[in-house]
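No hydrogens, no waters, no symmetry mates; every other heavy atom, side chains included, goes into these values. We're numbering straight along the sequence, starting at 1.
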Amino acid sequence: MIEVVVVVEKLATLLAEEAQFLGGVRRGVSELRGDLESMRSFLQDAESRTETEKGVETWVKQVRDVAHDTEDILDEYSIRLSLPSRPGRLNGNFVLSLPRFFHFVCHLRTRHRLAGRIEDVKTKIKDISNRRNAFSFRRIEDATSSSSTLNTWHDLQRASLFIDEADVVGIENPKRVLISWLSDCYLCGGDGWCGEDYSAAELLRSALKDMLEEAKERIPEGFDTMGESQVVNKLKEYLQEKRYVVVFDDVWSPNAWEVMKFALPDCCSGSRIVFTTRKSDIAASIEIFSHVYRLQPLPEEEAWKLFCMKAFRRENQGVCPKELESMSRSILKKCGGLPLAIVAIGSLLSKKDKHVLEWKRVHDSLYSEMKSNSSLESLERILLLSYHDLPYHLKCCFLYLSIFPEDYLIKRMKIIRLWVVERFVEEKRGLTMEEAAEEYLNELVSRSMIEVVHIDYFNRIRTCCVHDVMREIIQLKSRNESFVLILNDKRLSLDEKIRRMAIHDSCEELLLDMRFASLRSLLVFVPSMSLGKAFIKGFRLLGLLELDGTPLVEFPPELSKMILLRYLSLRRTKIRELPESIGKLKKLEILDLKHTPISTLPHGILKLKHLFQLRGYSHRFPKTHFPTTHGISLPVGIGGLTKLQKLGNVEVNGNGDMVREFGKLTELRRLGILKLTKENGMDLCYALENLKHLSVLYVVSTEMNEPLLHLDSLSIPPRFIQRLYLKCRLPNLPKWIASLGCLAKLVLQYSNLNDDPLKALQGLPNLVVLELRDAYAGEELCCDDGGYPRLKKLGLLMLRQLKSVRMEQGSMPDLRGLDIAACEKLEMVPLGIQHLRNLQDLTVWNMPDEFHQKIERPHGEDCWRVQNVANIQLSKSSFNVAYAMSFGLTQAE
């Protein structure tokens, strides 16, 4: 359905922006838009039934094809009319130069061809609509679960009742925990397998009937026709003063509980209620429960035991032959500790020849096996249950994850940007598109569709991944639906219409001989792959191009001809400059130049009026200092790119006019400014007062010894700032910083403050990360009781005069990580550190030997102060080396 949505939006834009040039085809375009909007209304019902009806599946494919054809027509039309062709007017008469007259005639011919192709598409749509009637499609505006999906689940669930207890592995600890909870309090189970297709009234009626029959009591007259409220009252009356255990299995929605809770009285008699669900948001939404148990993947030892039990049961009594162990463990890794996958794949292998090459074939072609081997059909069906339950916009987002290679750690912001540019994200009032996309990501995590690998100190996802087995399944589904093609071998149909392609293996020879006229998105994940001119030339309609890490040394001229590009990532390439022709990419929304040698952007950048992200900077690690940040220089006039939301990092080189120009970019959420001088303080304050939406600010002066940067004249700071980096000398700590109620991360570097910043900032209610880098010239830091209520990470780095740190009991109650580095006069760990019960990591770099000896276990003089700290890392390597190694892990920049 997303294809239809995208095309409808393009048609709307065309009608709004190009009305004067559509001429006689305007009516046809408007009718085509109406036809596709109507078609969209039936697609959701159709796609919920494709698992059981091949005819419906064919119909959906035809709708997609016609949407793709329409998109091709519109994009080709857009390209052809991009040439200058608008005639001038003089005294009511057209005055045309010969070149302009030629283009004007060409445009007339283009409109004529467009009209003909639109009529062809409308005829196709009419035929598809007629076939729709044969399937009795319904209009569905909101996402619903497919009944066939739920029936499939219940069939599989019933089969689980007959599993031999000897085949169950890894449940001893969960069973012990659940029994203990049942013994003393209410319980809600989370992240199990589930499926609910009964109404609340039916559930209550069934429960009451079972209880009455079990107690051999009479069922009331008219029982089967009772309304919901009558059943609630009857059940509540029956359970009053009784002790009961009720288990709600397969819960997909919290709505049922809203009715059922009134039928279950709390008589303080020790009754228990248990829910199982695979959606963590349901567990969190049911307010009466005090425990949530989250099922975890099997530990490696138990996973191996289960695998061997299934794969080698017939032979070897469950013992893996030595020659198969390496390949077996590689196959087991794909299962990711998921018992369902281990059982299914182990059972499949038990029927195979016990030969390394045979098992390697299964390892290399697992997703093909799922379609051809009945042993894995149930695995695929079960894993796809949650997929089929997704609303449509999340289905597209989830399928899109198939573009990433195996074992690839997906960064939160990377997938969010891609979803936005691919037009998968619906607008939400009050949110940016990226904020709405982050909600999508969190929902997929809460549904256990995505595995979180790392979270940051702000409880946001840093990196995530897809379970290997699920990845195999969605890659196959993406391929079958022509959603994404993964290019990792030589098999490719020459006549296939491909919209999105991800390159996982170098295939230069194959690609040189092919053209992908309909390709819209290309993502290259092969750092060593060379991209010649002939290769890039074939992508005329491309809207998204990801070239992160490819060995490009020059900007390919052919890129300037891709005028439909919305996303261009040249991150980590070796390109040194952009041409003036970059201005031709007028639809560009995201330009990523991070970690490239590019230092200056041409004037053509000012033509990119749709740009909402422009990122370009790199870091270097000098021998004696903190990492230095290098950015890009921009031409005067950047204030005209008013849609910019993220801009950084810009080297202003003391240009006050440039600094003031940032104040025109009122949609900015993130701004990085480098090479400010003392005179720029007032200019910066002026600009910041206009940036009401700013959430991240990164400010760096020209040199660490640059004269003081005055920032106190900022009367109304951006109130929603969450992250603030000030890398400059300050006469004092700006007073407005202490008023930033949303501030979550603060980095002060080279500030050389005389007053204690730890005491001055302790009232910030939401500060999570604080780093003081060569920022304080005093000898003592102190934090009072109640200070820093939410701080999780504190860095005290290169504070050369610091002799002592005191943390009063009750301060920093949530501190998890403490870094101390190159504070050469600091005599001991902070006083009061023993009260920090949540402190997990203490990292000490480049400190005097005496400091190390005091806390070295088990005989250090101050060892007792840090005895509750789980991980203590002591390093005598240079501060710079240690800092560089941890740079990415601590998200310092």
Side-chain angles (χ1 to χ4, degrees), residues 622 624-629 676 678 681 697-701 703-712 723-740 743-764 767-784 787-788 791-808 811-812 815 817-833 836 842-848 851 879-880 882-883 886 890 892-893:
T624 56
H625 301 133
F626 297 94
T628 58
T629 305
L676 288 160
K678 177 181 179 180
L697 177 62
Y698 188 94
V699 173
V700 183
S701 61
E703 297 291 343
M704 56 180 287
N705 295 319
E706 179 69 21
L708 306 177
L709 186 63
H710 291 268
L711 298 176
D712 262 334
R723 284 177 285 164
L724 177 61
Y725 306 77
L726 297 178
K727 299 185 178 183
C728 51
R729 288 193 64 205
L730 297 170
N732 48 58
L733 196 66
K735 294 183 176 60
W736 50 267
I737 293 181
S739 69
L740 299 176
L743 191 63
K745 179 172 183 177
L746 175 62
V747 174
L748 298 175
Q749 183 170 319
Y750 304 136
S751 307
N752 201 35
L753 297 168
N754 292 313
D755 296 330
D756 181 353
L758 203 62
K759 183 178 284 289
L761 298 167
Q762 63 185 350
L764 287 170
L767 196 64
V768 174
V769 176
L770 174 62
E771 289 195 22
L772 302 176
R773 309 175 184 172
D774 194 10
Y776 178 50
E779 297 182 350
E780 182 181 54
L781 290 172
C782 180
C783 179
D784 298 332
Y788 298 101
L791 196 71
K792 293 182 181 179
K793 177 68 180 293
L794 174 64
L796 305 175
L797 315 173
M798 209 179 285
L799 306 179
R800 294 184 174 88
Q801 303 303 317
L802 185 66
K803 292 183 178 180
S804 66
V805 180
R806 188 174 77 254
M807 299 173 176
E808 298 291 349
S811 66
M812 303 184 189
L815 193 70
L818 173 61
D819 289 354
I820 300 175
C823 299
E824 53 200 41
K825 293 185 179 181
L826 187 62
E827 298 169 354
M828 64 175 65
V829 292
L831 296 173
I833 193 173
L836 304 177
L842 172 61
T843 303
V844 177
W845 301 327
N846 199 25
M847 293 290 288
F851 188 96
F879 168 56
N880 176 264
Y883 194 88
S886 69
T890 61
E893 298 299 319

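- With sequence neighbours excluded, the residues that form a side chain to side chain contact (heavy atoms under 4.5 Å, CB included) with Ser739 are Pro717, Trp736.
- The heavy-atom pair separating Leu836 from Met812 by the smallest distance is CD2-O, 3.5 Å.
- Listed here is the closest heavy atom pair of Ala760 and Ala738: O-CB, 4.4 Å.
- Applying the 6.0 Å contact sphere to CG of Asp712 captures more than 12 heavy atoms from other residues, nucleotides or ligands.
- Across every non-hydrogen atom of Glu779 and Leu802, the tightest pair is O-CD1, 3.5 Å.
- Shown here for Lys727 and Thr629, the closest heavy-atom pair between the two residues is NZ-OG1, 4.2 Å.
- For the atom pair CG of Asn752 and CG of Leu799, the computed distance is 10.5 Å after rounding to the nearest 0.5 Å.
- Tyr788 and Leu758 get closest at one heavy-atom pair: OH-O, 2.6 Å.
- For the atom pair CH2 of Trp845 and CD1 of Ile820, the computed distance is 11.5 Å after rounding to the nearest 0.5 Å.
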Test side chain to side chain contact (heavy atoms under 4.5 Å, CB included) applied to Arg800 and Asp774, step by step: CA-CA 7 Å; Arg800 294 184 174 88; Asp774 194 10; 3.2 Å; yes
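- Taking the six-membered ring where tryptophan is involved, the planes of Tyr725 and Tyr698 are tilted, since the angle between them lies from 30° to 60°.
- Applying the side chain to side chain donor-acceptor pair (under 3.5 Å) criterion to Glu780, with sequence neighbours excluded, gives Arg806.
- Counting heavy atoms from C-beta outward, Pro757 and Leu772 have side chains that approach closer than 4.5 Å.
- Here the closest heavy-atom approach between residue Leu794 and residue Leu815 is recorded as N-CD1, 3.9 Å.
- No donor-acceptor pair under 3.5 Å is formed between the side chain of Asp819 and the backbone N or O of Leu797.
- No side-chain heavy atom of Val747 sits under 4.5 Å from any side-chain heavy atom of Arg723.
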Could you pull out every donor-acceptor pair under 3.5 Å between side chains of residues 822-833 and any protein atom, sequence neighbours left out?
residue	atom	partner	partner atom	Å
Lys825	NZ	Gln801	OE1	3.1

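- When the side chain to side chain contact (heavy atoms under 4.5 Å, CB included) test is applied to Ser751, the partners found at least two apart in sequence or on another chain are Leu730, Leu748, Leu753, Ala775.
- Listed by chain and number, the residues in a side chain to side chain donor-acceptor pair (under 3.5 Å) with Asp784 are Lys759, Gln762 (sequence neighbours excluded).
- To the nearest 0.5 Å, atoms CD (Glu771) and NZ (Lys793) are separated by 6.0 Å.
- Shown here are the side chain to side chain contact (heavy atoms under 4.5 Å, CB included) partners of Leu764, two or more places apart in sequence or in another chain: Leu743, Leu761, Leu767.
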